[in-house]
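This structure is a prediction, so every number in the text was calculated from the model and none was measured.
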Number of protein chains: 2
Amino acid sequence: MTEPAEKISRKPRADAARNRQRLLDAAKQAFADKGPAASLEEIARVAGVGIGTLYRHFPTRDALVEQVYRSETTQLADAATRLGAEHPPVEALRAWLRLFVEYLAAKRIIGAALQTTAGGTTELYAASGAAMTQAIGGLIGRAVASGAIHVDIEPLELLRAIAGVANVSDENAMRLIDILIAGMLVR
Amino acid sequence: MTEPAEKISRKPRADAARNRQRLLDAAKQAFADKGPAASLEEIARVAGVGIGTLYRHFPTRDALVEQVYRSETTQLADAATRLGAEHPPVEALRAWLRLFVEYLAAKRIIGAALQTTAGGTTELYAASGAAMTQAIGGLIGRAVASGAIHVDIEPLELLRAIAGVANVSDENAMRLIDILIAGMLVR
DNA sequence: ACAAATACGGAGGCATCCTCCGTTTTCAAG
DNA sequence: CTTGAAAACGGAGGATGCCTCCGTATTTGT
């Protein structure tokens, strides 16, 4: 055995990797321009590959959305860690939620993804969801531990609430954040 | 003039009224079963009318959704008035929001409608939206006037926030209501 | 009963969606 | 460098849905 026992034989083909990346680039653009309902056939066209190739790489629309925004959600998760270190718990939470709204504004897909998940079971939970859950969960856990706030709702649901509003108006979403935090403060 | 001056001539045709009702019935069923994206062609098929007839009566999907749930939204609006008379302002608001969540659970479409509106301009605002706006607006106005709460967010946005969560979990939506109200209380 | 006013219905053009499979490309062993 | 099989490509094709348009059928007032 010249290869690690677990992994089997070949290394990924070059053209496959290239096309995958092209698809992700085209998809990112398309989702940004036309929202999460952008045509998959057009994405394939723009990427210069056949529709079949798109489907081979990303079996479902959600799989594609997920991958496209993996980097965004990762950034958001990292920011949570950073903010947690730089600010007192409650302010860190507030700052991160505001950042979340800003991200939603730029990449409407994240919000759509959170909502989409509503309907049925989606792989979306897999990565984006996990990252988000961890980020908000950490910040809230910290704030609760500090004794400043009290929370009896699933952290992820707070994001859903904010996302619902942010899709329509950033301004109102920002105000919602303050209301939510005020509502969780221990009196 | 034997008719009111404004209205012109004829009375609505019998077949038109019948088909309209059939469409509403079929649509109600379809939306309940398959969500707000149910096929319009299938609705027409089930109703036993041509697709053309469906479109004549309801030019857009939203127009149909709107009509289907007009009774629900109307009931909700009436409830707002009633609760407003029976409870102190803040409790009336809380009670109505809980009722709102219960309605969402039963008819997921209302929530979907609120979200749909997000994307673009929709006739949905016309009736359902107006009724909702008025209901929540009234309750909040009253609570603010009583000096108990302070609100700097669009009332309708509160509903969007709640709807975003309610689509996934009633329990969490109910808790969200308490957080929101606590967050708006004047301290 | 009759004509005008209304309403019906579905064919047709267009846009996706997703699958399936014959062809092409890549990789690595010899 | 050859070579053959694994891996990937790509797009035609079948299905569904949207919406419009207009010739045909029904209803209504007189």
Could you tabulate the donor-acceptor pairs under 3.5 Å formed by side-chain atoms of residues 136-145 of chain A, not counting sequence neighbours?
none

From dG10(C), dA7(C), dT19(C), pick the nucleotide closest to the side chain of Tyr55(A)?
-> dT19(C)

Could you state the CZ-P distance from Phe58(A) to dA8(D), rounded to the nearest angstrom?
-> 13 Å

Looking only at atom types and distance, does a side-chain atom of Thr53(B) sit under 3.5 Å from a main-chain N or O of Val49(B), one as donor and one as acceptor?
-> no

Under 4.0 Å between a side-chain N or O of Thr53(B) and OP1 or OP2 of dA7(C)?
-> no

Side chains of Gln21(B) and Asp25(B): donor-acceptor distance under 3.5 Å anywhere?
-> yes

Rounded to whole angstroms, how far apart are CZ on Arg20(B) and P on dT6(C)?
-> 17 Å

Enumerate the residues from residues 12-19 of chain B whose closest heavy atom to DNA chain C is under 4.0 Å, giving them by residue number; use none for an empty result.
-> Arg13(B), Asp15(B), Ala16(B), Asn19(B)

Counting just side-chain N and O atoms, does His57(A) come under 4.0 Å of either OP1 or OP2 of dA8(D)?
-> no

For the side chain of Arg175(A) and the backbone of Ile153(B), is there at least one donor-acceptor N/O pair under 3.5 Å apart?
-> no

Is a donor on one side and an acceptor on the other found under 3.5 Å between the side chain of Trp96(B) and the backbone of Leu76(B)?
-> yes

Okay, side chain of Asn172(A), backbone of Glu154(B): is any donor-acceptor separation there less than 3.5 Å?
-> yes

Please confirm whether the backbone N or O of Ala37(A) pairs with a side-chain atom of Arg61(A), one donor and one acceptor, at under 3.5 Å?
-> yes

Leu97(A) versus Val101(A): any side-chain heavy-atom pair under 4.5 Å?
-> no

Looking at DNA chain D, which of residues 37-50 of chain B put a heavy atom within less than 4.0 Å of it?
-> Ser39(B), Leu40(B), Glu41(B)

Kindly say whether Val65(A) contributes a backbone atom to a donor-acceptor pair with the side chain of Arg70(A) at under 3.5 angstrom?
-> no

Nearest-angstrom distance from the residue atom CD1 of Ile51(B) to C1' of dG17(D) | 9 Å

Find the distance Arg56(A):CZ to dA6(D):C1' and express it as a whole number of Å.
-> 13 Å

Look at all strands and tell whether Arg61(A) reaches a base, only sugar-phosphate, or nothing, counting heavy atoms closer than 4.0 Å.
-> sugar-phosphate

